[in-house]
S.K.: 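Below are the structure tokens for one structure; questions will follow.
Atoms considered below: every heavy atom in the structure, side chains included; atoms not considered: hydrogens, waters and symmetry mates.
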Amino acid sequence: MNLASVARAEQELLLPTYDRQRVLFTHGRGVYLWDADGKKYLDFLSGLGVNALGHAHPAIQKVLRRQAGRMIHVSNLFFHEYQAALAKRLTRISGLDKAFFCNSGTEAWEGALKLARALARVENSNGHKAKWRILALDNSFHGRTFGSLATTGQAKYRHPFAPLLPGVAFVGFNDVEDLKRQFDGSVCAVCMETIQGEGGIYPVSPEFLRTARELTARTGALLMIDEIQSGLGRTGKYFAYQHYGITPDIVTVAKPLAAGLPLGAILTTNRVASGMHPGLHGTTFGGGPLACAVAIEFLQTVDGLKSHINKTGEYFRNRLEDLQAKHTAIREVRGMGLMLGIEIDSADTAKAVLRQLLDHGILINRTHETVLRFLPPYIIQEKHVDQVVRALDAALASVPSKSSRAGKSAKRSRTQ
């Protein structure tokens with residue numbers, strides 16, 4: 001097996017949905033991955049936030065071996081011992097009451113949209129049209145199924161599949177006045193990511209989130225928060241909304257929940273849960289015993305890592321801000337905890353820096369064209385941060401930035 005043969009097979013057999021980097025990974029341990037040629041990579045992307053405990057974590061391996069030998073799947077027509085135990089942990093740390101388990105983040109968001117519409121219909125006692133409008137945010141990303149796409153505030157994702165779910169309107173990101181202007185009694189839900197991940201690591205402002213909470217509480221609409229990337233310890237708290245002192249009506253989680261196995265969850269209140277009854281929603285694979293057993297172990301491990309995430313995240317952000325003071329190509333450093341991004345002054349510069357880091361065995365990714373995104377495992381140490389910052393420093397020094405190119409162009413024009 002080699003990269004060329006695998007790439008040829010994929011080109012022949014798979015839908016062309018991914019523009020893959022030319023690397024074939026074979027195994028990982030801790031914060032490192034190795035490719036088919038034996039090259040070692042420092043993983044500061046962790047499978048887009050999925051491998052939050054790194055690779056081959058011993059506690060996760062132990063649970064996987066034990067549970068795989070007992071029972072991998074059982075239909076949701078029957079009970080198993082792990083769903084309620086996992087739901088108890090998730091509701092306790094979130095401040096919510098009920099859970100539903102599915103397979104992915106987009107499925108969780110899709111189910112959350114159904115919950116909002118279902119509750120609005122149940123609570124419609126005046127005989128008029130039930131609340132049905134949904135307000136989402138510009139620049140957001142909630143997944144690739146139809147409902148999730150309909151609430152994703154980036155036309156490049158929505159346009160090829162239009163028309164989508166009706167009744168969705170988009171509010172300017174952190175635009176409080178626009179939110180107030182568009183919100184009325186027909187709205188059943190206001191939807192947002194606490195930190196826009198794919199959109200470029202943009203945290204929602206405290207004023208905007210507080211206003212959304214006040215408006216929805218006043219009319220009975222739901223505040224729905226997508227914590228698929230920012231939740232479960234990524235920002236140093238269990239959920240990023242906990243930095244703001246509010247509690248949503250619905251929160252969705254996924255990515256790291258089962259340490260690499262497919263598992264997502266909807267967490268909600270007893271009031272919202274009253275809109276559901278057997279048969280109204282479901283899943284074949286979601287919440288199986290293997291994934292739930294692993295998720296319980298994941299949460300137990302994260303319990304002991306939150307202070308480390310806060311400390312290491314602060315150290316990482318400080319190092320990135322030091323780098324910003326040195327390089328004019330860095331326009332801004334954003335994020336919380338170990339969910340960080342740096343805005344680069346041009347897409348070409350960001351692309352060149354990303355390529356240099358990959359060549360030097362460091363994995364990050366570029367999102368929203370100009371943002372270098374860092375989602376490292378929670379177990380990284382300061383020495384790993386230093387290694388990434390040194391590589392960024394060298395790459396930025398060797399790649400002409402937009403401002404330096406503009407300066408050279410202006411200098412040439414003055415001498416002509």
Side-chain angles (χ1 to χ4, degrees), residues 105-120 129-231 240-241 244 246 248-252 254 266 334-335 341 343 367-371 373:
T106 195
E107 287 178 63
W109 193 251
E110 199 83 14
L113 294 170
K114 289 176 67 177
L115 279 176
R117 289 272 180 88
L119 180 68
K129 188 174 185 178
K131 297 177 189 292
W132 69 290
R133 290 180 62 235
I134 295 166
L135 298 183
L137 298 192
D138 285 342
N139 198 50
S140 59
F141 182 82
H142 296 290
R144 300 180 187 275
T145 52
F146 265 82
S148 298
L149 277 175
T151 51
T152 288
Q154 300 184 57
K156 66 180 180 180
Y157 293 116
R158 295 196 314 272
H159 179 72
F161 308 103
L164 298 170
L165 180 75
V168 178
F170 292 97
V171 175
F173 181 70
N174 282 340
D175 189 335
V176 172
E177 293 308 312
D178 191 28
L179 175 61
K180 291 178 179 177
R181 189 163 48 247
Q182 296 203 52
F183 187 91
D184 61 26
S186 68
V187 172
C188 69
V190 175
C191 308
M192 70 186 75
E193 301 154 277
T194 322
I195 304 174
Q196 292 186 337
E198 192 280 338
I201 314 294
Y202 285 100
V204 69
S205 71
E207 183 186 9
F208 188 90
L209 186 51
R210 184 173 60 251
T211 301
R213 178 69 286 180
E214 290 170 355
L215 290 171
T216 52
R218 189 182 307 155
T219 67
L222 303 182
L223 178 60
M224 285 174 41
I225 293 190
D226 176 341
E227 292 261 355
I228 292 162
Q229 190 171 130
S230 61
Y241 65 77
Y244 296 79
I246 65 99
D249 301 293
I250 300 176
V251 61
T252 56
I266 305 168
R334 297 189 293 266
E343 180 88 37
T367 188
H368 213 60
E369 297 296 330
T370 57
V371 177
R373 175 169 52 172

S.K.: Can you name the closest pair of heavy atoms from Phe208 and Val204 and give their distance?
M.R.: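 Minimum heavy-atom separation between Phe208 and Val204: CD2-CG2, 3.6 Å.
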S.K.: Partners of Glu214 by side-chain hydrogen bond (donor to acceptor under 3.5 Å, both in side chains), sequence neighbours excluded?
M.R.: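 Residues passing side-chain hydrogen bond (donor to acceptor under 3.5 Å, both in side chains) with Glu214: none at all.
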S.K.: Please report the interatomic distance CG(Leu135) to CZ(Phe170), rounded to the nearest 0.5 Å.
M.R.: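 So the CG of Leu135 and the CZ of Phe170 are separated by 10.0 Å.
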S.K.: Search all heavy atoms of Thr367 against all heavy atoms of Gly197 and return the closest pair with its distance.
M.R.: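 Answer, listing the atom of Thr367 first, then Gly197: CG2-O, 3.9 Å.
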S.K.: If you define the side chain from C-beta out and look only at heavy atoms, does anything of Cys191 sit under 4.5 Å from Leu113?
M.R.: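 A side-chain contact exists here, since the closest heavy-atom pair is under 4.5 Å.
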S.K.: Mind checking the CG-CE spacing from Asp138 to Met192? Nearest 0.5 Å is all I need.
M.R.: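 Between Asp138 CG and Met192 CE, I get 12.5 Å after rounding to 0.5 Å.
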S.K.: Once the angle between the rings of Phe173 and Tyr202 is folded into 0 to 90°, is it parallel (under 30°), tilted (30 to 60°) or perpendicular (over 60°)?
M.R.: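 Rings of Phe173 and Tyr202: perpendicular, over 60°.
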S.K.: Salt bridge (charged side-chain N to carboxylate O under 4.0 Å, His left out) with Glu177: which residues, sequence neighbours excluded?
M.R.: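 Expected list: Lys180.
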S.K.: For Ala254, which residues count as a side chain to side chain contact (heavy atoms under 4.5 Å, CB included) partner, sequence neighbours excluded?
M.R.: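 Counting only residues at least two positions away or on another chain, Ala254 forms a side chain to side chain contact (heavy atoms under 4.5 Å, CB included) with Ile228.
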S.K.: Can you list everything that forms a salt bridge (charged side-chain N to carboxylate O under 4.0 Å, His left out) with Arg117? Sequence neighbours excluded, please.
M.R.: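 Expected list: none.
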S.K.: With sequence neighbours excluded, what pairs up with Gln196 under the side-chain hydrogen bond (donor to acceptor under 3.5 Å, both in side chains) test?
M.R.: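 Listed in chain order: Asn139.
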S.K.: Could you check whether any side-chain heavy atom of Ile225 comes within less than 4.5 Å of a side-chain heavy atom of Leu209, counting everything from C-beta outward?
M.R.: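 Yes, at least one pair of side-chain atoms sits under 4.5 Å.
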S.K.: Check Ala221 against Asp249 and note the closest heavy-atom contact, atom names and distance.
M.R.: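 Nearest heavy atoms, Ala221 then Asp249: O-OD2, 3.9 Å.
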S.K.: Does a side-chain heavy-atom distance below 4.5 Å link Lys131 with Thr219?
M.R.: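 Counting from C-beta outward, Lys131 and Thr219 do come under 4.5 Å.
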S.K.: Below 4.5 Å, heavy atoms only, C-beta onward: do Leu215 and Val190 meet side chain to side chain?
M.R.: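 They are not in side-chain contact.
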S.K.: Suppose the criterion is side chain to side chain donor-acceptor pair (under 3.5 Å): which pairs have a residue in residues 157-169, not counting sequence neighbours?
M.R.: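 For residues 157-169, and leaving out neighbouring residues, the side chain to side chain donor-acceptor pair (under 3.5 Å) pairs sorted by first residue read Tyr157-Glu198.
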S.K.: Just so I know, are the side chains of Cys188 and Leu222 near enough to count as touching, which here means a heavy-atom distance under 4.5 Å?
M.R.: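 When only atoms from C-beta onward are counted, Leu222 and Cys188 do not touch, as no gap falls below 4.5 Å.
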S.K.: Mind listing the closest non-hydrogen atom pair of Ala189 and Met224 along with its distance?
M.R.: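 Between these two residues, the closest heavy atoms are CB-SD, 3.8 Å.
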S.K.: Report yes if some heavy atom in the side chain of Val371 is under 4.5 Å from a heavy atom in the side chain of Arg334; otherwise report no.
M.R.: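 Yes; the side chains approach each other to less than 4.5 Å.
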S.K.: Write down the atom of Ala136, the atom of Val168, and the distance for their closest heavy-atom approach.
M.R.: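 For Ala136 and Val168, the tightest heavy-atom pair comes out as CB-CG1, 4.4 Å.
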S.K.: Applying salt bridge (charged side-chain N to carboxylate O under 4.0 Å, His left out) as the test, list every pair that has at least one member in residues 146-155; sequence neighbours left out.
M.R.: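 Output for this query is empty, none listed.
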S.K.: Under the rule for side-chain hydrogen bond (donor to acceptor under 3.5 Å, both in side chains), what residues qualify as partners of Arg133, not counting sequence neighbours?
M.R.: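 Residues passing side-chain hydrogen bond (donor to acceptor under 3.5 Å, both in side chains) with Arg133: Asp184, Ser186.
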S.K.: Quick one: are Thr194 and Glu227 in side-chain contact, heavy atoms under 4.5 Å?
M.R.: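 Sidechains of Glu227 and Thr194: in contact.
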S.K.: Under the criterion side chain to side chain contact (heavy atoms under 4.5 Å, CB included), which of Ile250, Asp226, Thr145 is the partner of Trp109?
M.R.: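 Between Trp109 and the candidates, side chain to side chain contact (heavy atoms under 4.5 Å, CB included) is satisfied uniquely by Asp226.
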S.K.: For Arg181, which residues count as a salt bridge (charged side-chain N to carboxylate O under 4.0 Å, His left out) partner, sequence neighbours excluded?
M.R.: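 For Arg181, the residues satisfying salt bridge (charged side-chain N to carboxylate O under 4.0 Å, His left out) (neighbours in sequence not counted) are Asp178.
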S.K.: Drop me the distance from His142's NE2 to Thr151's OG1, to the nearest 0.5 angstrom.
M.R.: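 That separation rounds to 5.0 Å.
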S.K.: Return the minimal non-hydrogen interatomic distance between Thr152 and Ser148, and the atom names on each side.
M.R.: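 Closest heavy-atom pair between Thr152 and Ser148: OG1-O, 2.8 Å.
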S.K.: Thr252: which residues meet the side-chain hydrogen bond (donor to acceptor under 3.5 Å, both in side chains) condition with it, sequence neighbours left out?
M.R.: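 If we apply the side-chain hydrogen bond (donor to acceptor under 3.5 Å, both in side chains) test to Thr252, skipping adjacent residues, there are no hits.
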S.K.: With a 3.5 Å distance limit and no angle check, can you tell me whether Glu193 reaches the backbone of Ser140 through a side-chain donor-acceptor pair?
M.R.: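 Between the backbone of Ser140 and the side chain of Glu193 there is no qualifying donor-acceptor contact (under 3.5 Å).
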S.K.: Nearest 0.5 angstrom please: Asn174 CG to Leu137 CG, how far?
M.R.: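 With rounding to 0.5 Å, CG (Asn174) is 8.0 Å from CG (Leu137).
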S.K.: Answer yes or no: is there a side-chain heavy-atom contact under 4.5 Å between Gln154 and His368?
M.R.: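 Answer yes - side chains close enough.
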